[in-house]
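These numbers come from a predicted model, not from an experiment. The figures that follow rest on heavy atoms only: side chains count, while hydrogens, waters and symmetry mates do not. Order of appearance sets the numbers: ligands from 1, and atoms from 1 within every ligand.
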Amino acid sequence: MRDQLYINGEWVSPDLGGYFEVLDPASEQVIQRVPAGTEEDIDHAVRAARRAFEHGWGQTSGAERAGWLEALADELEAGQEALALLEVRDNGKPLAEAQWDIGDAIGCFRYYAELARELDSRQDEVLVLPDQRFRCRIRREPVGVAGQIIPWNYPLLMAAWKVAPALAAGATVVLKPSELTPLTALELAAAADRIGLPAGVLNLVTGLGAEAGGPLSQHPMVDKLAFTGSVPTGAKIMSAAAADIKNISLELGGKSAFIVFDDADVEAAVEWILFGIFWNQGQVCSATSRLLVQEGIATRLLERLVEATRNIRIGHGLEPGVQLGPLISQGQLDKVIGFIEQAKASGARLLTGGRRPAQLDRGYFIEPTIFDEPAENSSIWREEVFGPLLCVKRFKREEEAVRLANASRFGLAGAVMSGDPARAARVANALRAGIVWVNCSQPTFSQAPWGGMKQSGIGRELGRWGLENYLEVKQVTEYVGREPWGWYLK
Ligand code: NAD
């Protein structure tokens, strides 16, 4: 059991000695006591990261860093199954999904190892200028110390999306995982320790949002803040960053639409709609939580959708065959139930679900739920629920579907399903979102950019864009002309 912080290559107790309890959301039992880091711990961690950046890691080659990232991936791979089991106990998700997450996290470290190597070959790229008397080369240098704050829905994967590109770029890191799911991030620090990653390159401070995340976002020695979480916290991070003009990237919430046209295949549509809203208990920033279905196919599609939803198996994530685990916490359960009550009161028609499953007397479980025709201004149509709750609306024409999909303050993702490739492409282009899926919903690859428009965030993670988040671009321009410049010395 790990009940210490990882700072400067050592396991240390929190400065003020406080701890908080981590629960298994399926049993509501305490599974571990974890340090509640505070301002003092954050300060030690940031200073360690600063030293490591200035005296070592910041000066390494991409190839050297690639070696470390691969070693970290190997170390995680060696404990892959144990990590997946720990993720289920900490987060509640079904084992098969936890196994995907851990595999994806390992893949993410390997991918950024490749990009770190490639970065060496992109250094000192020559830029041809229109004036031959000047020679210009472009350097990409690490941003410095990165403060990274992550949520609870994909605990190790979110850590990988942040830590891997930062280390690949040559930045050093202070990571603050969610207080609800810190356990696999602690294992990531343990893996870094086992491979002998230089002290201070990766520091981990567990703790609560305001007490640990707050000081990290305000620390003057942090150069870059990378945050994934809710819009209100994102706004706080942005104001903290404004105080000393920190570089930021924000991955925030969503209320993404899935548009299904009459010419779609009903069974394929049902499959992707279910996956789009119910995997990970709907606690997915890119969940396609608003279904827009064309009138001609609506009755058949909804009949099959309701039938399939009722067959979803709910239970403890470690039970074989379970597809839907518990929500993350009592707070999240209360929030989802609140949305269900509001939806009923606003006149939306409940097609299925809406209750806590009778057979489970413990754990934060809720049935997968579908509401038909909520009002356009109702909270379930407009706000991010972050739970297994789907809202359906019908449309007649393509323009109407695009209008409804785009009428949101969020712009993270969207999906379209149609047998007509030209129409699918047209609608994909018209959606104001950073991620659009055609004839599917949710598959995510380390190589492709991830992030949103509007209030869904700023910047992109993953792919080359994820690496650029942790790089500063520098021009070095040299005067190679033989003549004097001629402004003063004529
Ligand atoms: P949250 O904003 O409550 O917390 C996220 C993190 O911020 C946690 O580590 C928390 O401790 C920390 N935090 C809280 N208050 C803070 C403060 N004042 N200063 C600094 N840090 C603080 O979000 P959550 O409930 O953990 O996650 C759910 C949200 O995350 C949803 O809105 C979801 O859409 C979003 N999310 C987005 C993406 C994406 O890629 N766009 C991915 C996953 C989750």
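Between Tyr6 and Trp11, the ring planes lie tilted relative to each other; the angle falls in the 30° to 60° range.
Screening Thr206, Leu83, Val34 for a side-chain contact (heavy atoms from CB on, under 4.5 Å) with Leu183, the sole residue that qualifies is Val34. Of the options Thr352, Ile340, Leu390, a side-chain contact (heavy atoms from CB on, under 4.5 Å) to Phe371 is made by Ile340 and by none of the others. Here the options are Arg290, Lys393, Arg403, the test is salt bridge (charged side-chain N to carboxylate O under 4.0 Å, His left out), and the partner is Glu376; only Arg403 passes.
Relative to atom 14 (C) of ligand 1, the option among Gly457, Gly209, Ala210 with the closest non-hydrogen atom is Gly209. Distances from atom 19 (N) of ligand 1 to the heavy atoms of Ala240, Ser239, Gly214 put Gly214 nearest. If you check each of Arg460, Lys335, Lys236, Glu179 against atom 10 (C) of ligand 1, the one with the closest non-hydrogen atom is Glu179. Considering each of Phe386, Phe227, Phe410, the one bringing a non-hydrogen atom nearest atom 7 (O) of ligand 1 is Phe227. Distances from atom 31 (C) of ligand 1 to the heavy atoms of Lys176, Gln332, Glu384 put Glu384 nearest.
Per-residue contacts place Ile149 under 4.0 angstrom from the following atoms of ligand 1 (heavy atoms of the residue considered): 6 (C), 7 (O), 9 (O), 12 (C), 20 (C), 21 (N). Ligand 1 places these atoms under 4.0 Å from at least one heavy atom of Ser178: 9 (O). Set against the non-hydrogen atoms of Gly253, the atoms of ligand 1 under 4.0 Å away are 32 (O), 34 (O).
Using a 4.0 angstrom heavy-atom cutoff, Pro177 counts as in contact with ligand 1. The closest approach between a heavy atom of Trp450 and any atom of ligand 1 is below 4.0 Å.
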Would you list the atom pairs, donor with acceptor, under 3.5 Å between side chains in residues 150-159 and any protein atom, with sequence neighbours excluded?
from	atom 1	to	atom 2	distance (Å)
Asn153	ND2	Gln283	O	3.1

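Per-atom contact check: atom 4 (O) of ligand 1 does not touch the protein, criterion being a heavy-atom distance below 4.0 Å.
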